[in-house]
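Here is the structure we will look at.
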Amino acid sequence: MSQGAAGRRGRPRDGAVDRRVLSAAWDLLNAGGYAGLNVDEVAERAAVAKTTLYRRWPTKDHLAVAVAAQMLGEVPIPDTGDLRRDLTEFASALAASLNQVSAAGRPGGGSSAGLAAELVAAAARHPDIDEVVRAGFAQRHELARARLRRAVEREGLRPDVDQAVLIDQIAGPIYYRILITGAPADRGYAECLIAAVLDGAFTPREV
């Protein structure tokens with residue numbers, strides 16, 4: 001059920017409640033990882049009735065994914081007029097957010113995908129979570145494609161470049177490193193990645 005449908009059937013959803021719950025949930029996830037997330041404790045910390053919390057997030061999986069979705073949804077796609085710099089900032093911010101999610105509950109670090117892997121498993125367990133996650137990716141991809149369309153118009157990005165593939169070439173390796181190999185995904189990697197992805201992607205300037 002959508003948030004809009006919920007609003008039509010009762011009182012409008014209180015955004016302050018969402019913020020308190022997601023903040024409390026992140027504190028527990030960050031301290032103890034997925035195993036440390038206890039929905040009843042979240043309700044107590046957020047000063048929210050358990051019935052309210054379970055109505056919005058019916059399982060621990062739903063709550064954990066909502067926290068991660070909020071964090072990843074805050075990754076910006078800048079538009080400064082310099083596509084290389086903007087995509088580097090985007091890739092670096094995406095990697096930083098994913099690293100933060102993966103490191104939750106693991107103060108000593110390590111190469112394990114950690115919480116990020118748990119969230120992938122949660123999406124596989126719940127079709128409704130999977131649908132929400134896919135919708136979030138689709139929304140971000142559309143924002144990125146809008147930025148690429150402007151780059152075609154203003155910055156010389158070749159119009160024949162497959163924009164969907166280009167976006168996959170940016171996001172895919174970051175997820176692969178963090179979820180699969182455990183190799184570093186940092187600012188330096190983002191710079192190398194964008195340099196490789198954009199190699200040959202611009203119309204040559206006339207001399």
Side-chain angles (χ1 to χ4, degrees), residues 26 29-30 64-104 106 109-124 129-207:
W26 170 245
L29 286 167
N30 195 36
V65 168
V67 173
Q70 176 179 262
M71 294 175 63
L72 296 176
E74 294 171 352
V75 175
I77 302 176
D79 187 357
T80 67
D82 183 337
L83 183 64
R84 187 179 302 273
R85 181 172 68 181
D86 291 346
L87 292 182
T88 298
E89 291 297 329
F90 168 68
S92 180
L94 176 61
S97 293
L98 280 170
N99 280 320
Q100 185 179 16
V101 170
S102 294
R106 297 186 295 116
S111 59
S112 168
L115 177 60
E118 294 282 1
L119 299 178
V120 172
I129 290 180
D130 182 64
E131 183 179 343
V132 169
V133 169
R134 289 179 186 275
F137 279 121
Q139 182 180 33
R140 176 175 301 171
H141 278 212
E142 182 51 39
L143 291 173
R145 292 186 72 167
R147 177 64 185 91
L148 295 178
R149 287 193 293 270
R150 292 192 293 273
V152 170
E153 298 168 358
R154 305 181 318 207
E155 299 166 62
L157 183 68
R158 285 176 23 219
D160 62 331
V161 168
D162 190 318
Q163 296 177 4
V165 171
L166 190 150
I167 296 165
D168 289 344
Q169 289 174 325
I170 295 172
I174 295 172
Y175 281 89
Y176 179 72
R177 282 200 163 207
I178 292 173
L179 290 173
I180 306 298
T181 69
D186 52 18
R187 175 77 186 198
Y189 177 69
E191 292 173 351
C192 292
L193 177 63
I194 299 305
V197 168
L198 292 183
D199 183 31
F202 289 94
T203 303
R205 295 178 180 272
E206 295 183 1
V207 179

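Quick caveat, the model's predicted, so the values are computed rather than measured. Counting begins at 1 with the first residue of the sequence.
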For a quick test of reading the model, state the closest non-hydrogen atom pair linking [X] to [Y] and the distance between them.
X      : Y      : answer
Ser92  : Ala190 : N-CB, 3.7 Å
Leu29  : Ala64  : CD1-CA, 4.3 Å
Val75  : Ala93  : CG1-CB, 3.8 Å
Ala123 : Ile129 : CA-CG2, 3.7 Å
Ala104 : Leu115 : CB-CD2, 3.7 Å
Asp168 : Pro173 : O-CD, 3.7 Å

With Arg154 via side-chain hydrogen bond (donor to acceptor under 3.5 Å, both in side chains) - residues at least two apart: Asp79

Listed partners of Gln163 passing side-chain hydrogen bond (donor to acceptor under 3.5 Å, both in side chains), at least two apart: none

Distance check, rounded to the nearest 0.5 Å: [X] atom [atom1] versus [Y] atom [atom2]?
X      : Y      : atom1 : atom2 : value
Arg150 : Arg145 : CZ    : CZ    : 13.5 Å
Phe90  : Arg147 : CZ    : CZ    : 12.0 Å
Leu193 : Ile170 : CG    : CD1   : 6.5 Å
Gln169 : Leu198 : CD    : CG    : 9.5 Å
Thr203 : Leu157 : OG1   : CG    : 7.5 Å

Can you check whether [X] reaches [Y] side chain to side chain, under 4.5 Å on heavy atoms?
X      : Y      : answer
Gln70  : Trp26  : no
Tyr175 : Leu94  : yes
Ile174 : Leu98  : yes
Leu166 : Leu148 : yes

Main-chain N/O of Ala185 paired to Asn99 side chain as donor or acceptor, under 3.5 Å: yes

Presence of salt bridge, Arg84 and Glu155, under 4.0 angstrom: no

Residues Arg85, Glu191: salt bridge by 4.0 Å N-O rule: no

Heavy-atom neighbours of Glu142 CD exceed 12 at 6.0 Å: yes

